[in-house]
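Side-chain atoms are counted along with the backbone in the values below, which use heavy atoms only and exclude waters and symmetry mates. Residue numbers begin at 1 in each chain, while the letters A, B, ... track the order of the sequences.
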Amino acid sequence: MKKGDHLFLVDGSGFIFRAFHALPPLTRKSDGLPIGAVSGFCNMLWKLLTDARDTSVGVTPTHFAVIFDYSSKTFRKDLYDAYKANRSEPPEDLIPQFGLIRQATRAFNLPCIETEGFEADDIIATYARQAEATGADVTIISSDKDLMQLVTPNVHMYDSMKDKQIGIPEVIEKWGVPPEKMIDLQALVGDSVDNVPGIPGIGPKTAAQLLEEFGDLETLLARAGEIKQVKRRESIIANADLARLSRRLVELRLDTPLDMPLDSLVLETQDGPKLIAFLKAMEFGSLTRRVADACDCDASVIEPAHVEVQWGAAARGPDLDAGADTSGAQAPVKAGISKAAAADIYGAATPADLAKARAEAFTSAKIDRSCYVTIRDVEALDDWMRAARETGVIAFEAEGTSIDPMQAEIAGFSLALADNTHTPSGRDIRAAYIPFGHRSGSDDLLGSGRAEHQLTSGEVFERVKPLLEDAAVLKIGHNLKYAYLLLKRHGIEIASYDDVMLMSYVLEAGKGPHSLDALSDRWLGHMPASFKEVAGSGKSGLSFDMVDIERASVYAAEKADLTLRLSMVLKPRLAADQLTRVYERLERPLVATLARMEERGITVDRQILSRLSGELAQKAAAIEDAIYETAGERFTIGSPKQLGDILFGKMGLPGGAKTKTGQWSTSAQVLEDLAAMGHDLPRKIVDWRQLTKLKSTYTDALPGYIHPQTKRVHTSYSLASTTTGRLSSVEPNLQNIPIRTTEGRKIRTAFISSVGHKLVSADYSQIELRVLAHVADIPQLRQAFADGIDIHAMTASEMFGVPVEGMPSEIRRRAKAINFGIIYGISAFGLANQLSIDRSEAGEYIKRYFERFPGIRDYMDSTKAFARDHGYVETIFGRRAYYPEIRSSNPQVRAFNERAAINAPIQGSAADIIRRAMIRMEPTLQAAKLAARMLLQVHDELIFEVEDGEIEATLPVIVATMEEAAMPAIAMRVPLKVDARAASNWDEAH
DNA sequence: CCCCAACCGTA
DNA sequence: GTACGGTTGGGGG
């Protein structure tokens, strides 16, 4: 090894634990073998070996080794008997993965190094220093703080999960000391995980400060008498020997005997077939394909390797402590690839078998872009239409000239069909693009004209419209609402459809995005061409009709192809997981319902907004002057950074909270606190922020969304962007129009009904608390809702023994905050913040609440347990919300996921209820011969436009449909209550 | 031109 | 303490 070389040292043992806890807990091979950590490990190795240069490592390795712990009986155990004594057994799912990861390392042709009596860290340290001495550079792939002592200008660490380099500055930033002082710092702080004692009462912050002051540990111990803080001084003096022992435990050995000399770590070329055989045995479809591509191997002719799997204690090899429980040990299992992929799917015994067979068939099916065709004449189009009718199933996409389906024109259609949809093989899929709205990109004075060699829209519509409107032919799309709305504007109403985005959402809400890219990558092991690659972006970006037809054809046909493949994988999966009902009853019907709502839009009065904007501008300007006056200078008030400098620097006000980047927070809460202390400026800032927020986000932005033709505002609802099942609203977001302040409410007066109509707002009263009363079955809550009693007052009465009549508003306010807190998965910290009380008092409230309502605690505990066991929670209608991080080893992350998992069934059930109401609403109104049109949804509220003469007849229909929405699927144990009223604008209707 | 952090509007 | 989306400032390329 020499200068210019670069040695990569992977902390294999560290990676196993980290990956296991960071990755979704339920990643399993088809035979149930847990392989999440192995998968993460293989992907990381491949990335480092092929394009480390493109990660933040920035260099390509010349030498490479993966290091493991061999035995826990190391020299450290001799130094200190309790070392690592409180290490608990690794989780059961992790056990077989220890051996697999070693096998993976060998499959990658990489040295797999472990030495008896030493930890991986010592081996890494020894190699790193030796390599450094030759002038080479070293990257240690680990984020373990125990290794940070090794960092120098030539030795870096790399956190592969966060793609983050850790060098000297990063160590200082994180720990407050440079790497060479890490040993002393750790000696002072200790480590509860490894049972390194350290000095009691000294944490990282104090330790860094002491080392800054005294230089190093020995000096500190010698001069400990100078420390001013009594307790700290005494603790350090009393525990000096403990610190010295700790130092010996954390200091890494640089003299570990090395079986493999440094120079033997030179990176060898990959053995493609060997690696592929292993990856196939592990069923890593996506990585198998990437490796096969890179090695130019045909993966399909390579037999999966036979992999020995050990489930029992022996799986970890010798690094297990004596006396471990081996009762769960089983005989080694042979884990070859399952035969399912090759099985005749007609013979699939269960939906799960079919789903598995499809998934396997499609992850290894090759996608051949060269066989996509462009349809340019009516004969070809007729042929395709005939085939589509014969098959009865097509994947379909409408390519528009804008991402906004309310603005877009149609550039062309793409479709894909399988000659036999029961054959799970990519060979039988054909895909085509039908351009008819493309323009040529000539930049001359005449502008652009129609592109040549394409059918006319008339020719295409005449043939395609009947197919799209024929319920006997299933149309499969991805985010079909886009095409549905775009086509509806052009006189076509799609009948009979499926949406793979929604299938994925039902199957895996919370596990990641549901974009076509993400789904293709995940399920098909294939990354489609991105729109950017095809059309460019930014200033030079083209609208799709300007894209060259050949390029457009491949892009569009590929999308249809992938959509068809995805439906063949995901639809059986729905059945296997018993989620078909959720998909068919709660998701699919909303595509058409929402598309119609979006198309209708709502009238927003430009004049009202313009007048409000002027008022806001004047008021803000006046406050601005006053702010500059008080501050004594002009600055950018909207910059939290500059504002912080003024408030906490120049003016010397006491800082409150810090943001996560270490800046002083200038949040409304902090400013309110300062105002309460009698300071002038913070109040003004709060007022200024409110006014400018209203102006920029609402009064100034909304007019820009008024559609040039319809003169109305058309939001877009996103069906698959929340974990819980709620919708979200974008461009513009009409689910966050102000209501809480008088100033903000005025914006709602700009949302008006058209002439001869009124707006009707109908909202569920306390729907989430009612859902909670139902699912947790709380007698007092059920009774209160049955009797129509004020629920917060009832809660206060139960908790504080105050009668409901004449209850002080402060008492009720606190009970209300607790009720909300319960829905949000309560913590003493959060409740304390909300009520501005201290944490112990908040803890008392929670304790008392649980005493009065023990069923709520039971619900919370059982929900957490369910989430931990399954990785997801369910609404009362069976919708799933996944929380892959609920088993995180990070207590903060875990607690957050627990709270979210408690909230999701409540929020999600309420979301399901209003979805059911929306789906039923239109046919119900129609049956009642009412012309009311549903326009907007705001989570627990629906907004309609109703003819003046029909209001009295319509209100009860709306109310009943909403109140009965859970039935007959669920008989709620509490009644649902809906309030509805009509007015000429949204403010008065609500 | 793109991304992130901070902040704030809703249920 | 839950769930979202939009605007701004400020930094990077």
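Among the heavy atoms of the strands, none lies under 4.0 Å from A/Ile823. Looking at heavy-atom distances under 4.0 Å, A/Ala657 makes no contact with the nucleic acid at all. Across all strands, A/Ala904 comes closer than 4.0 Å to no nucleic acid atom at all (heavy-atom distances). Using a 4.0 Å heavy-atom criterion, one finds that A/Arg726 contacts the bases of the nucleic acid, with or without backbone contacts as well. Within 4.0 Å of A/Thr697, counting heavy atoms only, lie sugar-phosphate atoms of the nucleic acid but no base atom. Looking at heavy-atom distances under 4.0 Å, A/Gly821 makes contact with a base.
Contact annotation: A/Ser721 side-chain N/O to C/dA3 OP1/OP2 distance is not under 4.0 Å. Between A/Thr636 and the phosphate of C/dT8, there is no side-chain N or O to OP1/OP2 separation shorter than 4.0 Å.
Per the geometry, CD belonging to A/Gln642 stands 12 Å off C1' belonging to C/dT8, to the nearest Å. Summarising the geometry, the separation between CG on A/Leu727 and P on C/dC4 is reported as 12 Å, rounded to the nearest angstrom. For A/Gln937 and C/dC4, the CD to C1' distance is 12 Å, given to the nearest whole Å. Atom CD1 in A/Ile685 sits roughly 17 Å away from atom P in C/dT8 (whole-Å rounding). The distance between atom NZ of A/Lys693 and atom P of C/dT8, rounded to the nearest whole Å, is 10 Å. For the pair A/Asp912 CG and C/dA3 P, the computed distance is 16 Å after rounding to whole Å. The OH atom of A/Tyr824 sits 13 Å away from the P atom of C/dC4 (whole-angstrom rounding). Taking atom CZ of A/Phe820 as the reference point, atom P of C/dA3 lies 16 Å away to the nearest angstrom.
The line from CD of A/Gln937 to OG of A/Ser728 is 10.0 Å long, rounded to the nearest 0.5 Å. To the nearest 0.5 Å, atom CG of residue A/Leu502 and atom CG of residue A/Leu507 are 11.0 Å apart.
Stem analysis of DNA chain C (at least three stacked-register Watson-Crick or G-U pairs, each with both distances under 3.5 Å) gives B:1-11 with C:2-12.
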What N/O pairs connect the protein and nucleotides 11-13 of chain C at under 3.5 Å? Give each pair on its own line.
none

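Sorted by residue number, the members of residues 729-745 of chain A with any non-hydrogen atom under 4.0 Å from DNA chain C read A/Ser729, A/Val730, A/Glu731, A/Asn733. If you check residues 661-670 of chain A against DNA chain B, the residues with a heavy atom closer than 4.0 Å are A/Thr661, A/Ser665, A/Thr666, A/Ser667, A/Ala668, listed by number.
Residues meeting the salt bridge (Lys or Arg N to Asp or Glu O under 4.0 Å) test with A/Lys641, sequence neighbours left out: none. Residues passing the salt bridge (Lys or Arg N to Asp or Glu O under 4.0 Å) test with A/Asp51, sequence neighbours excluded: A/Lys47. Residues that satisfy the salt bridge (Lys or Arg N to Asp or Glu O under 4.0 Å) test with A/Asp163, not counting sequence neighbours, are absent from this structure. Residues passing the ring pair (Phe, Tyr, Trp, His ring centres under 6.0 Å) test with A/Trp664, sequence neighbours excluded: A/Phe648. Scored by the salt bridge (Lys or Arg N to Asp or Glu O under 4.0 Å) test, A/Glu898 finds no partners at all (sequence neighbours excluded). Take A/Phe751 and apply the ring pair (Phe, Tyr, Trp, His ring centres under 6.0 Å) test, not counting sequence neighbours, and it matches A/Trp986.
Judged as a salt bridge (Lys or Arg N to Asp or Glu O under 4.0 Å), the pairs with a partner in residues 714-726 of chain A (not counting sequence neighbours) are, in order, A/Arg726-A/Glu768.
Taking every nucleotide of DNA chain B with any atom under 4.0 Å from a non-hydrogen atom of chain A, the first and last of them, 5' to 3', are B/dC1 to B/dA11.
Aromatic ring centroids of A/Tyr845 and A/Tyr849 lie 6.0 Å or more apart.
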